[in-house]
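Remarks on the structure that follows.
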Amino acid sequence: MIEVRNSGQFVVPGEKLGVIEEFIPNSGTYVKDGIIYSTSVGYVLIDFANKKISVYPTARNMNVPKIGSIVIGRVTSIQSSYATVQIVKAGRKFLSGHFTGIIHISDVSQRYLDSMYDAFRIGDIVRAKVISDKNKTFHLATREDNLGVLYAFCSQCGGVLVKRRNLKCTVCGNIEKRKTASDFGKGTL
Ligand SMILES: [Zn+2]
């Protein structure tokens with residue numbers, strides 16, 4: 001099944017836009033096996049009167065995470081073997097699109113990790129490196145010292161955690177673990 005697209009929706013290259021039974025492919029698109037895909041990073045334009053679909057490219061120098069990019073994002077979910085991150089910044093630029101990254105438990109730390117919950121919690125702000133973009137998924141790693149959690153929030157009360165020997169909540173005193181970056185809490189994003 002292909003999702004219904006709307007004008008103004010943000011797409012990336014290779015994203016499905018529709019089928020040739022529905023639309024006439026126009027600029028910024030290509031067709032493969034009857035399916036219309038985007039060739040650009042940009043916004044969908046649908047001309048319903050003429051059944052034409054096109055992609056209006058955003059600025060050419062717009063940043064997209066690439067292999068080797070250092071990205072900043074927010075942890076949005078945690079499973080036993082991986083965490084998902086909403087990427088908001090790649091290199092020095094904030095991103096206008098929605099990019100999701102995945103950190104597998106084996107890519108978190110150089111040390112063995114029992115549980116993803118000892119490394120990340122939902123809402124944490126992390127710095128990570130893009131190690132693969134296979135299947136249009138950004139695979140991230142935080143093994144290096146300068147990578148990992150930059151800001152963390154208490155899982156009990158939402159208070160800001162500060163670095164002591166472990167991490168301690170400034171509000172309720174709860175002690176938590178994270179895979180922190182070397183400049184955790186220093187305000188550098
Ligand atoms: Zn707390």
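Both ligands and their constituent atoms are indexed starting at 1 by order of listing. Note: hydrogens, waters and symmetry copies are ignored here, and every other heavy atom, side chains too, is used.
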Open item on the list: Suppose the cut-off is 2.8 Å; which protein N/O/S atoms would you list for the Zn ion (ligand 1)?
Closed with: C154 SG, C157 SG, C169 SG, C172 SG
Task: Heavy-atom donor-acceptor pair, D47 side chain to N50 backbone, under 3.5 Å - done: yes
TODO: Could you tell me whether the side chain of S109 and the main chain of R143 form a donor-acceptor pair under 3.5 Å?
DONE: no
What donor-acceptor contacts under 3.5 angstrom involve side-chain atoms of residues 164-175, with partners at least two apart or in another chain?
unit_1, atom_1, unit_2, atom_2, d
T170, OG1, V160, O, 2.9
N174, ND2, E176, OE2, 2.7

TODO: Check the surroundings of atom NZ in K51: do more than 12 heavy atoms from other residues, nucleotides or ligands lie under 6.0 Å from it?
DONE: no
Open item on the list: Around atom CZ of F184, are there more than 12 heavy atoms from other residues, nucleotides or ligands closer than 6.0 Å?
Closed with: yes
Open item on the list: side-chain contact (heavy atoms from CB on, under 4.5 Å), that's the test. Do T137 and T100 meet it? Break it down for me.
Closed with: CA-CA 7 Å; T137 304; T100 301; over 6 Å; no
